[in-house]
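Below you'll find the structure, written out as structure tokens, and then a few comments.
Scope of the values below: all heavy atoms of this structure, side chains included, with no hydrogens, waters or symmetry mates. This structure is a prediction, so every number in the text was calculated from the model and none was measured. Numbers here are sequence positions counted from 1.
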Amino acid sequence: VQLVESGGGLVQAGGSLRLSCVASGRTFSNYVLGWFRQAPGKEREFVARIRWSGGSATYVNSVRGRFTCSRDNAKNTMYLQMNSLKPEDTAVYYCAADLDATALIRGKPNYWGQGTEVTVSS
């Protein structure tokens, strides 16, 4: 399994970014994919997750209403649309995948991307 993130960058507070995660290496129909982030000096935290087969996404409270997690099965790509960005959203964002949703809930999925950096200036 390979997960490759892109789309990070520098943005001013209030701005938007869209992260992408391209998944390859197997059929993902039974997988749960998610986004995590790690801010400087802090532990990695869960941001959002979504089932590849469908259904609504789940979010951490701090991003609910501002971030939208979606996927395009035809492109094997998961997205994280981030609006109304705040300086506290500054972090390296990681894509992750596992067959077991609880693994993402525990923060211990089997597969990780390399991360993409997001910096929000005030």
Side-chain angles (χ1 to χ4, degrees):
V1 173
Q2 186 176 19
L3 304 171
V4 180
E5 305 97 330
S6 63
L10 173 64
V11 64
Q12 288 188 334
S16 298
L17 281 174
R18 188 177 79 159
L19 306 183
S20 299
C21 171
V22 178
S24 62
R26 62 185 59 194
T27 301
F28 289 92
S29 56
N30 294 320
Y31 275 74
V32 180
L33 275 73
W35 291 98
F36 290 77
R37 66 185 180 185
Q38 187 166 19
K42 295 188 177 181
E43 292 187 355
R44 189 176 299 183
E45 68 167 348
F46 164 79
V47 175
R49 67 178 181 272
I50 190 167
R51 287 193 175 275
W52 199 255
S53 58
S56 58
T58 303
Y59 303 92
V60 68
N61 287 341
S62 59
V63 308
R64 189 174 292 115
R66 300 187 298 121
F67 290 12
T68 302
C69 180
S70 62
R71 81 269 183 270
D72 184 334
N73 291 10
K75 296 182 178 179
N76 265 18
T77 301
M78 177 178 64
Y79 302 100
L80 186 68
Q81 177 66 44
M82 305 186 296
N83 298 329
S84 302
L85 282 161
K86 304 175 181 181
E88 51 263 43
D89 295 317
T90 294
V92 177
Y93 284 71
Y94 297 90
C95 174
D98 202 291
L99 284 167
D100 183 358
T102 61
L104 271 82
I105 294 171
R106 294 194 311 269
K108 297 184 182 298
N110 271 328
Y111 305 106
W112 292 95
Q114 83 289 349
T116 186
E117 189 168 3
V118 172
T119 302
V120 184
S121 64
S122 57

Distance col, row Leu10:CG vs Leu17:CG, nearest 0.5 angstrom, shows 9.0 Å
The complete set of disulfide (SG to SG under 2.5 Å) pairs with one or both residues in residues 93-122, sequence neighbours excluded, reads Cys21-Cys95
To the nearest 0.5 Å, what is the distance between CZ (Arg64) and OG1 (Thr58)?
-> 8.0 Å
Summary of ring pair (Phe, Tyr, Trp, His ring centres under 6.0 Å) pairs that have at least one residue in residues 80-122, sequence neighbours excluded | Phe36-Trp112
Shortest non-hydrogen contact from Pro109 toward Leu104 | CB-CD1, 3.9 Å
Output for pair (Leu85 CG, Thr90 OG1), nearest 0.5 Å, gives 8.5 Å
Of all pairs that satisfy ring pair (Phe, Tyr, Trp, His ring centres under 6.0 Å), the ones with a partner from residues 60-92, not counting sequence neighbours = none
Taken to the nearest 0.5 Å, the spacing of Ser122 OG from Lys86 NZ works out to 14.0 Å
Identify, with sequence neighbours excluded, every residue that meets side-chain contact (heavy atoms from CB on, under 4.5 Å) alongside Ser84.
-> Arg66
Identify the two heavy atoms, one from Thr77 and one from Lys75, that lie closest to each other, and give their separation to 0.1 Å.
-> OG1-O, 2.8 Å
Atom pair OH/CZ of Tyr59 and Phe46 - distance to nearest 0.5 Å | 9.5 Å
pair Asn76-Trp52: side-chain heavy atoms closer than 4.5 Å | yes
Not counting sequence neighbours, list each pair that qualifies as a salt bridge (charged side-chain N to carboxylate O under 4.0 Å, His left out) and has a residue in residues 28-52.
-> Arg37-Glu45, Arg37-Asp89
Chi angles and distances behind the side-chain contact (heavy atoms from CB on, under 4.5 Å) call for Trp35, Val60 = CA-CA 10 Å; Trp35 291 98; Val60 68; over 6 Å; no
For the side chain of Ser29 and the backbone of Ser53, is there at least one donor-acceptor N/O pair under 3.5 Å apart?
-> no
Quick one: list whatever passes side-chain contact (heavy atoms from CB on, under 4.5 Å) with Gln114, sequence neighbours left out.
-> Val4, Glu5
Group every Ile, Leu, Val, Met, Phe, Trp and Tyr by side-chain heavy-atom contacts under 4.5 Å, then state whether Val11 and Val92 land in the same group.
-> yes
Which of these passes side chain to side chain contact (heavy atoms under 4.5 Å, CB included) with Leu80: Val63, Leu19, Val118, Ile50?
-> Leu19
Between CG of Leu3 and CZ of Phe28, what distance do you get to the nearest 0.5 Å?
-> 6.0 Å
With the side chain counted from C-beta on, respond yes when Val32 and Asp98 share a heavy-atom pair under 4.5 Å apart, and no when they do not.
-> no
Worked check of side-chain contact (heavy atoms from CB on, under 4.5 Å) between Ser16 and Asn83 = CA-CA 4 Å; Ser16 298; Asn83 298 329; 2.9 Å; yes
